[in-house]
2 protein chains.
Amino acid sequence: MEKDLTTEGRILTAARSIFQQKGLAGARMQEIADEAGINKALLHYYFRSKDKLFERILEEAIGKFLPELFGVWEGEGNILEKIERFVHRYISFVAENPYVPSLILHELTINPEKAGMIRKMGFKPPKDKMMMEVMLGVQAGLIRPVHPMDLILNIISMCVFPVLARNMIQGVMLIDDLTYQEMIETRKKSVADFVIQSLRP
Amino acid sequence: MEKDLTTEGRILTAARSIFQQKGLAGARMQEIADEAGINKALLHYYFRSKDKLFERILEEAIGKFLPELFGVWEGEGNILEKIERFVHRYISFVAENPYVPSLILHELTINPEKAGMIRKMGFKPPKDKMMMEVMLGVQAGLIRPVHPMDLILNIISMCVFPVLARNMIQGVMLIDDLTYQEMIETRKKSVADFVIQSLRP
DNA sequence: AAATTGTTTAACTGTATGGTTAAATGTAAA
DNA sequence: TTTACATTTAACCATACAGTTAAACAATTT
């Protein structure tokens, strides 16, 4: 249980952790209360129901996740520089907030209609910008021609999956915590290299 | 509800589907019974408890997943050919059995200790073989030097993630079913190309 | 001091759900 | 036909859990 923060903050921190580990159905209000160092009555005093609490956490997760995801295309530099910056920032982000993709993945797998929430929150995937950026890179001779959506899927996969599936991969490959931690760290560079190497004309 | 198959088979099919969509905690025995076209009493007649049924499904999933994953390194050909074969086979496999990685991921995220089951089932990741194969490829001038574990993580990520996170990606990127289906299909080649391009010396 | 707000305690309600049971019915083989 | 197994029906039990309530206490503000 956290010492500092307000009670509401401690609840949110606890809820994030529990919901991420167990999902909506698997989480227990009592457990969240325990983790926050309070009791169930107070938990309901702050958040009327489990669903409301979960929705709050999910919205917060999406609100952190998407700007991070879409933001790259706004910055300076050519496509190679953007890729490098994106990979570094994105792996750092998911490594520090592993609950974010995990929650969204689980919830949207169970309940695909909830994707509507994304549009309601005003996010729009910058597909046009992506297309344009890749085309510019090709024309400038910086990269070979590729399908933009394929490229972006590849990059996101390599950034997110190793963090998202950490327990599974460690379990299957028998890798210890420290080694894995270091691997994630080195991947902030190596994934960008891997992509950039592949894009050589 | 399926017409053919034995009752046990229909139960397993139903359980796979429900457990994949909702996870262990979210699944309902009644729902599994309905999907199998039988009643709850008969479901318990075949599988004593939810946990037993789930364990059966999970073991089955791991038993399908790991041989597919580790099998590549046994076949003929140089590393580039193996990568090409692996990507094609692996994406085909996960596309046809999306429940497999989904189940394992969710369960091992919640319950990392269950990774022990993998060792108990006699699977061992062929790390040595992977190392050796990559080193041979480097020595033969087929590929540039890379960290084998990084490479394998990249490949697996690009194969599994787009299928695993399909709902999330479609929701975020606003891609319709058919388009996505086609993308998965083309990725059976394009991912291999992407990797092989990256590995050029 | 009084009022407001945050927090605890502890008991309680209602419901969803896993699991059981027993009796009846169907079905196929011995 | 008898035996054994498969399946249904329908009721039932026990438990876990979300959510409520009321009374008391603590802390802060007015």
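Naming convention: chains lettered A, B, ... in sequence-line order (proteins, then strands); numbering from 1 in each chain. Heavy atoms only: backbone and side chains are in, while hydrogens, waters and symmetry mates are out.
Computed from coordinates, the A:I38 CD1 to D:dC25 P distance equals 21 Å when rounded to whole Å. Between the NE2 atom of A:H44 and the P atom of D:dG19 there is a distance of 4 Å, rounded to whole Å. Atom-to-atom, NZ of B:K40 to C1' of D:dA6 comes out at 19 Å; the value is rounded to the nearest Å. Regarding B:N39, its CG atom lies at a distance of 15 Å from the P atom of C:dG26, rounded to whole Å. In this structure, CG of B:L43 is placed 9 Å from P of C:dG19, rounded to the nearest angstrom. We find that CG of A:L42 is positioned 16 Å from P of D:dA18, with the value rounded to whole Å. The interatomic distance linking A:I32 (CD1) with D:dG19 (P) rounds to 10 Å, in whole Å. At whole-Å resolution of the value, OH in B:Y46 and P in D:dA6 are 5 Å apart.
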From CA spacing to verdict: ring pair (Phe, Tyr, Trp, His ring centres under 6.0 Å), B:Y99, B:F19: CA-CA 8 Å; B:Y99 85 96; B:F19 280 138; over 10 Å; no
Working for salt bridge (Lys or Arg N to Asp or Glu O under 4.0 Å), residues B:E76 and B:K82: CA-CA 8 Å; B:E76 296 290 312; B:K82 283 183 179 172; over 6 Å; no
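Between A:R28 and the phosphate of D:dA16, there is no side-chain N or O to OP1/OP2 separation shorter than 4.0 Å. Contact annotation: A:T7 reaches the phosphate of C:dT7 (side-chain N/O to OP1 or OP2, under 4.0 Å). The shortest distance between the side-chain N/O atoms of A:S49 and the OP1/OP2 oxygens of D:dA18 is not below 4.0 Å. Applying the 4.0 Å criterion to OP1 and OP2 of D:dG19, one finds that A:Y45 has every side-chain N and O outside that range.
Counting any heavy atom pair closer than 4.0 Å across all strands shown, B:A27 reaches sugar-phosphate atoms only and no base atom. Residue B:F47 is out of contact with every strand shown, counting any heavy-atom pair closer than 4.0 Å.
A donor-acceptor contact closer than 3.5 angstrom links the side chains of A:Q170 and A:R166.
Minimum atom distance to the side chain of A:K50 is reached by D:dG19, of the listed D:dT9, C:dG18, D:dG19.
Under a 4.0 Å N-O distance rule, the pair A:K188/A:E84 does not qualify as a salt bridge.
Tested against B:N97 for a side chain to side chain contact (heavy atoms under 4.5 Å, CB included), the candidates B:E68, B:Q20, B:K64 yield a single pass: B:K64.
Sequence order on DNA chain C of the closest nucleotides to B:A41 and B:A25 puts B:A25 first from the 5' end.
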